[in-house]
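Along the sequence shown, residues carry numbers from 1.
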Amino acid sequence: MKSVWSAMLLCISGMVVAQTPVYLDDTQPIEDRVEDALARMTLEEKVALCHAQSKFSSPGVPRLGLPENWMTDGPHGIRPEVAWDEWYQAGWTNDSCMAFPALTCLAATWNPDMALLYGKSIGEEARYRNKNVLLGPGVNIYRTPLNGRNFEYMGEDPYLASEMVVPYIEGVQACGVAACVKHFALNNQECDRHRVDVDLSDRALYEIYLPAFKAAVQRGKTWAIMGSYNLYKGQHCCHNQILLNRILRDEWGFDGVVVSDWGGVYNTREAAYNGLDMEFGTGTDGLSVSASDAYNHYYLAQPFLNEVKAGNIPESVLDGKVRNILRLMFRTTMNRNRPYGSFKNPAHAEAARQIAAEGIVLLQNRDRVLPIRLDKTRKILVVGENAIKMMTVGGGSSSLKARYEISPLDGLRARVGDAAEVIYARGYVGNTDGSYNGVVSKVDLSESRSADELLDEAVSLARDADYVIFVGGLNKNSRQDCEGKDRESYGLPYNQDRVIEALARVNRRTVVVLVSGNSVAMPWADRVPAIVEGWYCGSEAGNALASVLVGDVNPSGKLPFTMCERLEDYHAHALNDPLVYPGVGYKQFYKDDIFVGYRWSDLQKSNKPLFCFGHGLSYTTFEYSRVTLDRKQMTAADTLRVRVTVKNTGRRAGAEVVQLYVSDAESSLPRPLKELKGFEKVMLQPGESREVEFLLDCTSLSYFDDTKHEWVAEPGRFEVLVGASSGDIRSKAGFELR
């Protein structure tokens with residue numbers, strides 16, 4: 001490594017020349033640059049790097065030419081600029097964004113290529129806005145459908161979330177922007193999120209709740225991790241010895257920066273010693289005493305500096321944090337080869353539409369009601385507030401100031417054109433406030449008519465329509481799909497069930513489109529022929545939905561979580577124990593353990609899911625061959641090849657997600673009946689066949705032994721199960737691990 005005195009003046013041939021500091025020379029290894037910059041900094045400059053200077057930025061070192069760090073909320077689009085010390089808008093006119101689909105929709109594509117496209121597209125917009133950290137994606141596990149923030153995550157299965165998060169990170173970071181994977185860890189509810197202390201078995205922690213984070217670190221090479229608000233074993237997760245030091249740093253070898261969630265820090269010494277690098281959003285007395293001095297009151301600000309100066313905290317602890325922060329800078333803002341990014345890019349709109357269309361799930365399609373046959377249709381009635389409500393506004397930190405948002409009604413009208421008349425009826429009134437943090441919806445949702453009047457209008461129009469498209473579900477208002485609070489019930493709000501049932505009675509071609517990020521009760525499921533999960537699909541929502549409804553796009557989305565008939569069918573609620581959810585006295589224990597989602601549903605002889613994990617229909621049909629294995633026995637050093645041929649037996653092109661599950665038939669410990677260990681999405685023309693191959697190794701067969709604190713694959717009999725969903729297994733084959 002070059003000497004830290006590399007900036008000293010050198011006399012060469014009688015001329016005085018200033019040598020470039022190593023930290024500015026990006027031809028040098030990053031670690032050399034980190035050490036060089038660190039050696040030049042004062043104690044005060046080091047501490048300043050560890051805490052915010054505004055709502056979304058932290059200071060650099062102007063004296064040394066080290067730039068500020070600027071964060072932006074994602075993970076679905078770049079948040080509008082806010083005032084320096086406020087959450088409300090700064091009033092910029094050029095800070096709108098492309099709104100991409102919510103991550104539940106991305107996960108429902110079951111397509112890593114879509115995750116890469118998503119990451120690259122959102123990364124380019126973050127880079128254009130000169131952000132160097134994107135606060136996303138989120139990979140917390142879908143444990144209860146009441147969690148207000150599930151729409152920001154990637155479903156119930158750790159393998160699926162792992163496979164989808166890695167390319168998202170790669171896409172973002174290829175733009176010179178750090179992905180900040182969140183919320184680490186166990187942030188699986190919004191109820192009491194700042195105070196609930198979560199405990200669970202190490203086996204559940206490692207098998208269910210950590211794998212996606214581990215994949216983000218070790219395979220995705222994420223440059224940042226955000227801690228969560230909740231506590232784990234008595235310590236807040238933003239400064240948690242077990243999670244941040246033992247697991248993240250020591251076991252996984254994470255070399256990036258740990259960022260607090262906004263307001264998630266509570267103690268200077270714990271923040272210093274327990275793995276946190278950068279503190280944001282802390283509420284302090286300074287905010288009321290002196291806004292200009294507020295950030296010096298943070299736990300990792302003046303109190304931290306005082307402790308280091310007094311010798312109570314070694315300077316080496318501070319230096320460790322600064323190394324991580326400098327490494328972030330050199331990977332992003334100090335990288336001279338960093339791409340420029342782009343804005344108002346038509347490719348981003350196309351990416352948003354493609355991801356949305358590929359993630360929309362056709363849950364039910366009796367009598368082949370869909371796609372809409374425009375050549376035989378004269379009138380389509382669209383009913384429901386969600387057909388016109390802006391869904392990019394609201395939901396918490398993922399609320400966006402979108403450049404535009406195509407509503408389901410407008411998207412369908414644009415696609416149908418003159419082929420048929422598309423009329424609209426409100427049907428019900430939900431939340432008429434379309435604003436959030438200073439962003440105001442462009443749609444007037446005010447309504448003076450009564451619920452009965454709205455229902456009567458919809459039913460009357462439905463009698464004469466060829467199709468009724470009811471667009472309802474949840475919205476991104478408080479206690480629905482929204483940060484801060486969980487849902488209060490499993491049923492649809494605003495008496496939507498009443499409207500759906502009334503429409504179904506008078507029109508046999510009633511299609512229910514659910515706009516949501518969570519499962520809901522569907523007591524009318526057997527009375528409507530078609531149900532579509534339409535997610536929160538961002539700017540291109542209406543265009544994407546219309547393309548699926550009329551058949552321009554053959555639906556290929558698959559559910560990333562189980563949809564149960566009743567709330568009590570989810571394990572966290574089946575136990576009927578408040579200690580399991582939402583906690584008692586802010587203490588919570590995950591008695592549901594590893595049996596989350598389909599891992600629990602598979603064990604039930606009754607109360608089977610309404611729609612199982614991995615389920616999704618198509619406008620064509622697929623036939624699976626018998627699965628074959630390249631060996632009947634394997635050792636821990638072997639790789640098992642699993643092959644199956646899939647054929648499109650229908651009349652139109654379509655994509656099928658081939659899913660591979662593994663079952664341990666002879667485990668000494670309780671294990672799920674099967675676990676997802678592979679999937680591949682294949683596009684097939686009518687009559688076309690393709691062989692799909694999966695590779696399994698010993699890690700695919702392992703469980704976490706919390707007595708040994710290691711992964712174990714027990715010798716014995718295993719099965720591979722291949723199918724179209726967790727509930728639609730087409731072929732099985734057995735083998736033995738020796």
Side-chain angles (χ1 to χ4, degrees), residues 107-117 157 159-160 162-164 166-167 215 219 354 357-359 361-362 553-560 598 612-635 637-665 673-701 713 717-737:
T109 69
W110 288 62
N111 188 345
D113 290 341
M114 290 296 100
L116 181 64
L117 176 63
D157 185 77
Y159 181 85
L160 175 62
S162 297
E163 294 304 301
M164 296 301 287
V166 169
R219 292 168 50 205
Q354 185 179 356
E358 197 164 319
V361 182
L362 180 60
V553 170
N554 192 347
S556 62
K558 300 277 189 172
L559 286 178
Y598 70 90
C612 62
F613 172 78
H615 169 75
L617 302 178
S618 171
Y619 295 149
T620 189
T621 54
F622 300 96
E623 181 182 88
Y624 286 63
S625 72
R626 187 178 184 85
V627 65
T628 61
L629 310 179
D630 70 339
R631 64 182 73 220
K632 292 296 183 181
Q633 294 182 340
M634 67 177 288
T635 68
D638 291 330
T639 298
L640 180 71
R641 293 182 182 274
V642 182
R643 295 185 177 94
V644 66
T645 298
V646 182
K647 181 179 181 180
N648 182 344
T649 54
R651 297 181 179 178
R652 60 175 297 169
E656 172 71 327
V657 178
V658 184
Q659 301 167 40
L660 172 71
Y661 297 83
V662 172
S663 175
D664 184 350
L673 292 184
K674 61 180 180 290
E675 296 177 276
L676 182 70
K677 295 298 179 182
F679 63 89
E680 184 172 337
K681 194 165 197 174
V682 291
M683 172 61 75
L684 299 171
Q685 296 299 316
E688 183 183 5
S689 298
R690 185 176 304 173
E691 184 179 74
V692 178
E693 181 179 274
F694 299 100
L695 299 179
L696 296 178
D697 58 22
C698 196
T699 59
S700 306
L701 314 178
R717 183 74 176 168
F718 288 82
E719 268 192 330
V720 294
L721 306 91
V722 176
S725 74
S726 64
D728 184 10
I729 300 301
R730 304 291 182 90
S731 184
K732 304 177 184 180
F735 67 96
E736 186 175 354
L737 178 66

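- The minimum heavy-atom distance between Arg730 and Ala724, with the atom names listed, is NH2-CB, 3.9 Å.
- Considering only heavy atoms from C-beta on, Glu163 comes within 4.5 Å of Phe679 through its side chain.
- One distance of note links CG of Leu660 with OG of Ser731; it measures 11.0 Å at 0.5 Å rounding.
- Counting only distance, with no hydrogens or angles, the side chain of Ser726 and the backbone of Phe613 share a donor-acceptor pair below 3.5 Å.
- The minimum heavy-atom distance linking Thr109 with Val657 is given by the pair O-CG2, 4.4 Å.
- Taking CD of Glu719 as the reference point, atom CG of Leu673 lies at 10.5 Å (rounded to 0.5 Å).
- Two residues are said to be in side-chain contact when any heavy atoms from C-beta on lie closer than 4.5 Å; Leu737 and Thr635 fail this criterion.
- Heavy-atom minimum distance, Asn554 versus Ala653: ND2-O, 2.9 Å.
- Taking the six-membered ring wherever Trp is involved, the centroid distance between the rings of Tyr159 and Trp110 does not fall below 6.0 Å.
- Ion pair Arg690/Glu688 flagged as a salt bridge, since at least one NZ, NE, NH1 or NH2 atom sits closer than 4.0 Å to an Asp/Glu carboxylate oxygen.
- A salt bridge links Glu693 to Arg643: at least one charged side-chain nitrogen sits closer than 4.0 Å to a carboxylate oxygen.
- Here the closest heavy-atom approach between residue Ser725 and residue Cys612 is recorded as OG-SG, 3.3 Å.
- Remark: of the listed residues Asp664, Val662, Leu640, Val662 is the sole one forming a side-chain contact (heavy atoms from CB on, under 4.5 Å) with Leu701.
- A donor-acceptor contact closer than 3.5 angstrom is absent between the side chains of Asn648 and Gln685.
- Annotation: side chain of Tyr624 is in contact with side chain of Glu656 (closest heavy-atom distance under 4.5 Å).
- Taking 4.5 Å as the limit, every side-chain heavy atom of Leu696 sits out of range of all side-chain heavy atoms of Thr639.
- The neighbour count for Arg652 CZ, taken as heavy atoms of other residues, nucleotides or ligands under 6.0 Å away, is above 12.
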Working for side chain to side chain contact (heavy atoms under 4.5 Å, CB included), residues Arg641 and Leu695:
CA-CA 5 Å; Arg641 293 182 182 274; Leu695 299 179; 3.4 Å; yes
Side chain to side chain contact (heavy atoms under 4.5 Å, CB included) assessment of Lys632 paired with Glu736
CA-CA 6 Å; Lys632 292 296 183 181; Glu736 186 175 354; over 6 Å; no
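- Between the side chains of Thr621 and Thr649, at least one donor N or O lies within less than 3.5 Å of an accepting N or O.
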Tell me, with the steps shown, if Ile729 and Lys674 meet side chain to side chain contact (heavy atoms under 4.5 Å, CB included).
CA-CA 11 Å; Ile729 300 301; Lys674 61 180 180 290; 4.2 Å; yes
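- Classification of the Phe718-Phe735 ring pair by plane angle, with boundaries at 30° and 60°, yields parallel.
- Tyr661 meets the ring-ring contact (aromatic ring centres under 6.0 Å, His included) test with Tyr598; sequence neighbours excluded.
- No side-chain heavy atom of Val720 sits under 4.5 Å from any side-chain heavy atom of Lys732.
- Ala107 and Pro560 make their closest contact through CB-CB, 3.8 Å (heavy atoms, listed as atom of the first residue, atom of the second, distance).
- For the residue pair Ser556/Lys681, the side-chain donor-acceptor check at 3.5 Å is satisfied.
- Side-chain contact between Ser663 and Leu721: present, with at least one pair of heavy atoms (C-beta onward) separated by less than 4.5 Å.
- Other residues, nucleotides and ligands contribute over 12 non-hydrogen atoms within 6.0 Å of the CZ atom of Arg631.
- Using a 4.5 Å heavy-atom threshold, the side chains of His615 and Lys558 count as separate.
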Apply side chain to side chain contact (heavy atoms under 4.5 Å, CB included) to the pair Glu691 and Val644, showing each step before the final yes or no.
CA-CA 6 Å; Glu691 184 179 74; Val644 66; over 6 Å; no
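- Of all heavy-atom pairs between Leu676 and Asp157, the closest is CD2-OD2, 3.5 Å.
- With rounding to the nearest 0.5 Å, the separation of OG in Ser689 from CD in Glu623 is 8.0 Å.
- No side-chain heavy atom of Asp638 sits under 4.5 Å from any side-chain heavy atom of Asp697.
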